[in-house]
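Pasting a structure here, questions to come.
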Amino acid sequence: MSVVATIARHVLRDAVRNRVLHGATLLGVGMIGAAPVAGRLAAGQDVKLVKDLGLAAIELTGLFVAVFMGIRLLAREIEHRTLDAVLSKPIRRHQFVLGQFGGLVAALALALAVMAIGMYVVLAAAAWWVEDTVLAPAPAAPVVDPALLKAVVLTFVQLAVVAAAALCFSTVASPAVAAASTCGFYVICHFGGELRNLGSVVDSRFAASLAAGLSYVLPDLASFDVKAAVVHAQPVTVGYMALTAGSGAAYVLAFLVLALAVFAKRDLT
Amino acid sequence: MMRAVRLSDLSKTFRTGFWGARGHCALDRVSLDVPQGAVLGYLGPNGAGKTTTFRLLLQLVHPTSGAAEILGRPVGDPAVRHRVGFLPEGARFYDSCTAEEFLVYVAGLFGYPAAERRQRAALQLDRVGIGAERRRRLGTYSRGMLQRVGIAQALLNDPEVLFLDEPMTGLDPLGRSDVRNLILALRNEGRTVWISSHVLSEAEAVCSHVAILNRGRLAVAGSIADLDLDVRGWELVVAGVGESQLAACGIADRRVTSIADGRHVIDLPLEQPPERVVVELARRGARIVSLNPRHETLEDYFLRRVHEDA
């Protein structure tokens with residue numbers, strides 16, 4: 001276990017020093033910071049827009065971090081031949097993959113935490129400084145609403161699934177193919193309902209059955225999206241959070257098992 | 001003598017082509033025993049299968065057939081990894097890490113406690129001559145410095161068997177000399193060192209054994225002393241004669257080098273029988289100091305075997 005933690009710490013340190021990830025996170029924070037300006041343009045929607053844009057920025061930036069890191073981690077180690085040196089030490093391949101994933105998830109959590117803090121700072125500033133604000137918070141929702149964290153947490157779980165998928169794809173494919181596959185996976189998994197009902201709009205029974213089958217196998221990432229609910233002060237129960245996070249963890253586990261099985265057999269050339 | 005490494009009919013065929021329908025045989029039934037304490041020079045042209053052998057020994061690729069053992073245990077045994085070190089060819093490591101951080105990380109992979117990690121890292125960085133630069137990021141290092149860091153990480157666990165894939169690559173003459181001395185020091189400590197190299201003169205200087213690989217097949221293996229090196233001529237050292245007497249014996253000036261104490265080294269070609277020259281010189285009062293065959297160099301031998309094999 002300590003070897004996995006050692007690798008995870010190393011990946012996290014590498015990520016923290018990565019300029020691309022710095023840039024992405026700062027861009028996310030910048031988008032959140034600019035949200036009040038957009039709020040001004042939509043009269044009476046200041047706070048709602050800050051929340052909407054803030055949560056969307058967190059998800060988009062997190063998605064970039066998950067895909068960018070997920071597809072590059074293994075590929076870079078192989079390309080630079082660092083993997084040869086690392087795997088010649090007394091570690092197992094599965095420990096290496098788990099450590100890489102641990103570091104990736106930790107980096108993701110850090111990026112999301114920084115952006116969430118940024119969002120709360122902007123919301124607090126909007127509530128405190130803007131005297132003439134035509135605050136029109138969603139009914140019963142405070143401006144600085146702790147419930148927003150529920151959306152951030154489920155976004156994190158969703159992105160952990162995407163990161164696990166990216167890592168899994170990168171064990172068999174080139175970075176470009178893995179990136180395309182991960183983005184495709186993300187999009188398809190957001191349209192589970194549409195896939196299930198494809199039969200009503202296409203004639204091909206095969207295509208309809210295939211789409212329906214996929215919708216049952218692939219995770220329904222739309223279920224992780226509670227942004228609208230928390231912004232509008234609709235209840236997101238602890239039970240729902242636990243169930244959704246649990247299903248996310250199960251998909252993470254499944255992708256990791258697949259990645260480990262493939263990586264264990266792979267010739268590293 | 002105990003065996004450090006044994007390869008038994010080890011083969012590797014890589015699947016190529018879109019569907020993996022074609023095969024490329026990188027290593028073809030290679031059997032080789034490396035005695036403990038030997039410094040083995042693993043020689044061969046590009047694509048001969050040298051790096052593939054290392055990758056098989058470290059389980060980075062899986063063999064198509066055959067088996068390999070290190071220190072009497074199968075290569076899949078994780079305990080073996082505690083006793084080996086490996087320098088991959090042309091590794092870049094992590095640009096964002098300092099040399100010190102990288103070595104501490106690698107020490108962590110062995111499970112050493114935190115204090116020992118730093119201690120081992122410092123010791124090996126000292127050993128390969130990385131001084132204050134150890135706190136600089138690896139991304140700013142030259143090829144030669146990275147090679148030194150690579151050697152340091154390979155030595156971190158005080159290995160009994162060391163695999164060095166092209167250790168001289170990217171090193172300046174000073175760096176080569178340092179690595180050569182390091183290898184000799186490791187040999188004197190009784191460690192087994194397996195080096196792949198294109199720099200045959202370097203291999204000749206440090207290796208006790210040699211194995212030549214060509215197109216995935218082992219062309220020759222054994223100790224350097226046992227190689228059937230061709231005799232290319234004779235080196236005769238004489239004293240007590242002048243250059244005029246040497247010329248009178250039919251020895252051309254260009255073949256004579258005067259050394260200290262009135263002695264001369266005479267480079268005799270193969271076609272000139274040394275016995276006749278020795279008798280003639282002795283008759284003229286010369287004292288024969290030594291007569292030795294001049295063998296082809298390892299490089300000559302390597303080229304000859306590769307051409308024969310082709």
Side-chain angles (χ1 to χ4, degrees), chain A residues 1-23 69 72-100 102-103 107 171-174 177 261-269, chain B residues 12-15 24 26 51-52 54-64 75-98 101-102 104-114 117 137-139 146 149-150 153-154 156-157 159 163 165:
Chain A
M1 193 62 203
S2 69
V3 169
V4 175
T6 299
I7 296 169
R9 268 199 304 273
H10 171 74
V11 171
L12 176 62
R13 180 176 57 196
D14 198 41
V16 166
R17 292 175 181 174
N18 189 304
R19 286 183 191 158
V20 177
L21 298 183
H22 283 179
M69 274 190 76
R72 276 181 79 245
L73 274 178
L74 268 179
R76 199 183 50 158
E77 296 260 3
I78 292 171
E79 185 193 341
H80 291 186
R81 299 212 164 178
T82 326
L83 195 58
D84 294 7
V86 170
L87 289 183
S88 68
K89 310 304 179 217
I91 66 166
R92 302 271 193 187
R93 288 192 183 193
H94 73 263
Q95 290 176 310
F96 179 76
V97 173
L98 290 176
Q100 294 257 303
T171 59
V172 285
S174 66
V177 174
V262 173
F263 193 59
K265 299 275 181 204
R266 182 173 168 183
D267 280 340
L268 301 169
T269 54
Chain B
K12 178 64 189 177
T13 300
F14 290 105
R15 308 312 307 174
H24 164 66
T51 298
T52 299
F54 286 140
R55 288 170 179 269
L56 284 163
L57 281 165
L58 295 156
Q59 290 228 298
L60 298 168
V61 298
H62 304 286
T64 307
V75 287
D77 184 345
V80 164
R81 306 287 179 84
H82 281 282
R83 300 165 71 187
V84 304
F86 175 49
L87 167 72
E89 183 190 3
R92 265 183 61 186
F93 308 119
Y94 305 99
D95 289 350
S96 68
C97 272
T98 66
E101 287 170 343
F102 173 58
V104 168
Y105 164 59
V106 172
L109 301 178
F110 285 97
Y112 298 130
R117 291 177 199 179
R137 297 207 172 166
L138 293 173
L146 281 177
V149 173
Q153 65 80 29
L156 204 63
N157 56 322
F163 300 106
D165 197 359

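Order of the sequence lines sets the chain letters (A, B, ...), proteins ahead of strands, with each chain counted from 1.
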Looking at side-chain heavy atoms only, is the closest gap between B:Phe102 and B:Arg137 below 4.5 Å? no

Measure distances from B:Gln59 to the heavy atoms of chain A and classify the residue's part below 4.5 Å as side chain, backbone, both or neither. backbone

In the structure I gave you, are the side-chain heavy atoms of A:Leu74 and A:Arg266 within less than 4.5 Å of one another anywhere?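 No, every pair of side-chain atoms sits at 4.5 Å or beyond.
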
Please confirm whether the backbone N or O of A:Ala261 pairs with a side-chain atom of A:Arg93, one donor and one acceptor, at under 3.5 Å?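 No: the side chain of A:Arg93 does not pair with the backbone of A:Ala261.
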
Donor-acceptor check, side chain of A:Lys89 to backbone of B:Arg81, threshold 3.5 angstrom: yes or no? no

Assert top hit (heavy-atom pairs under 4.5 Å, partner chain A, pool B:Cys97, B:Gly150, B:Gly111) equals B:Cys97

Is the backbone of B:Phe86 close enough, under 3.5 Å, to the side chain of B:Gln153 for a donor and an acceptor to pair up by distance? yes

Given the options B:Phe163, B:Tyr105, B:Phe93, which has more heavy-atom pairs under 4.5 Å with chain A than any of the others? B:Tyr105

Please determine, among B:Arg83, B:Arg55, B:Glu89, the option with the most heavy-atom pairs under 4.5 Å with chain A.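 Top count of heavy-atom pairs under 4.5 Å with chain A: B:Arg55.
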
Is it the case that the side chains of A:His10 and A:Arg13 hold a donor-acceptor pair, with the cut-off being a distance below 3.5 Å and no angle test?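 Judged by distance alone, the side chains do pair up.
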
Would you mind checking which part of A:Ala15 comes under 4.5 Å of any heavy atom in chain B, side chain (CB onward), backbone (N, CA, C, O), both or neither?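 Contact with chain B is absent: no heavy atom of A:Ala15 under 4.5 Å.
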
Out of A:Glu79, A:Arg92, A:Arg76, which one racks up the most heavy-atom pairs below 4.5 Å with chain B? A:Arg92

Among the listed options A:Asp267, A:Ile7, A:Asp14, the residue most often paired with chain B at heavy-atom distances under 4.5 Å: A:Asp267

Between B:Phe54 and chain A, with a heavy-atom cut-off of 4.5 Å, which part of the residue counts as in contact: side chain, backbone, both or neither?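 Contact with chain A: none, neither part.
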
Interchain contact, A:Glu77 with chain B, by part (heavy-atom threshold 4.5 Å):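 Only the side chain of A:Glu77 comes within 4.5 Å of chain B.
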
Contacting moiety of B:Arg15, where chain A heavy atoms sit under 4.5 Å: neither

Has A:His80 got a side-chain atom pairing as donor or acceptor with B:Ala91's backbone, closer than 3.5 angstrom? no

